[in-house]
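Here is the structure we will look at.
Because only heavy atoms are used, hydrogens play no part in the values below, and waters and symmetry mates are left out as well, while side chains stay in. Start at 1 and go down the list; that is how both ligands and their atoms are numbered.
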Amino acid sequence: MNPSTPLWIKTPLAILAADGADASGGVVVSGGRIAELVPAGGKPALECQTFDASRHVVLPGLINTHHHFYQTLTRAHPAAINKELFDWLTALYPIWAKLGPEALRLATRLALTELMMSGVTCSSDHHYVFPDGLEDALDIQAEEATALGMRMVLNRGSMNLSQKDGGLPPDSVVQDADTILADCERVIGAYHDASEGSMLQVALAPCSPFSVTRELMRDTATLAKKCGCALHTHLGETHDEDEFCVSMFGCRPVDYLEDCGWLGTKTWLAHGIHFDDGEIARLGGAGVGVSHCPTSNTVLASGLCRTRDLEAAGVKVGLGVDGSASNDSSNLMEGVRHALMLNRIRYDATVSHLDALRWATAGSAACLGRDDIGSIAVGKQADLALFTLDELRFSGAHDPLAALVLCGAHRADRVMIKGRWTVKDGMPAGVDIEKLRHDHGAIAKLFAEAA
Ligand SMILES: [Zn+2]
């Protein structure tokens, strides 16, 4: 049959459709979009080829709102394990200064592949390390995402406040503000596609209050506004950050953000843990998003994000894995499970698997400012993650959607992005997994020794 013929993903075991819509008969995909939801016992209006989904639980493709792909090269690093954020960063900055183009290429390919195999169809990556020779970091990432068929938001990160100026990173990993802003404009021009169904977008992403000057924060916000881009940074991750802001800038992090012109609907923040009630109300009123990173927050002992309070105040809450040296994996389904568990500790058992799945899909899409992905509804992009319950860990499970989260689904059987299968039978199309693991592992050895 002609590959452009609509595809009926027929009678899934379960499906998470938007707003409780009946899609028990499956979905029809055509032209890269979801064309029909088929109710129980129904048949598509369009003439279709068929994919039998009777073994599959169908989710909207997961969306990862925060990551640092390059950190896959320094997972479980002896210099950094068992430390909290500032000590962890100080140990790793000099090691990350060794990052070069080939290492970043392999790290990006590995992280994207790992994410995709866990059901991710769109990922953000916050890249802020630009040692000499790595000026084309985002070009490399754009090439890799395109080759894999992954939807991606490239975050042009930046650091220009080094130790000599009172910041945390060493001089070897920072750039000057003029270089940073010029490259921001360049990558926006080259890669930012704001159209519906876009596969590549650019966000501007100074790293954090303790690695960027106030002037660069302000100038970045001005440039993002001019170019119609989103803004992203780390905020509210630790109490150390609060203390740094007060001593360096004379105010708490949210005051600082407001002063820099960052409080708006196109800003999403990584972590967002240590906000007080008044700050949460201000963030909600401004329509800011928060990328909740439960696994990383646990590894670095950073704290528990106030997701329910944030959402009640109007903050958009999405999910992120965060960097692979503070996770140390790139598996967002695992993050969904951790989100459920941690939020039950913070709140109670009314936080459900559906909340955790919503954060990883529609919530994440909202953080990224997108309404064309993140849910299964007619007209949305055909980004889907299909899981089977064939592994031992699911045997005896009854509610299929709850089972994915409670029993710990880890690996999608099928993934579709923009109507194209990118994972089949658990394996990513066009990727030699063994070679990738070998090549990535070999280049990671360069990062074995502390500088
Ligand atoms: Zn991060």
Using ring centroids (six-membered ring only for Trp), state whether Tyr128 and His68 fall under 6.0 Å. yes

Less than 6.0 angstrom separating the ring centers of Phe447 and His77, yes or no? no

Which atom, counting only N, O or S, brings Asp322 closest to the Zn ion (ligand 1)? OD1

Do you see an N/O/S atom of His66, backbone or side chain, under 2.8 Å from the Zn ion (ligand 1)? yes

Once the angle between the rings of His127 and Tyr70 is folded into 0 to 90°, is it parallel (under 30°), tilted (30 to 60°) or perpendicular (over 60°)? perpendicular

Kindly confirm or rule out a cation-pi arrangement of Arg282 over Phe275, judged by NZ or CZ under 6.0 Å from the six-membered ring centre and within 45° of its axis? no

Calculate the angle formed at the Zn ion (ligand 1) by NE2 in His68 and NE2 in His234; 10° precision is enough. 100°

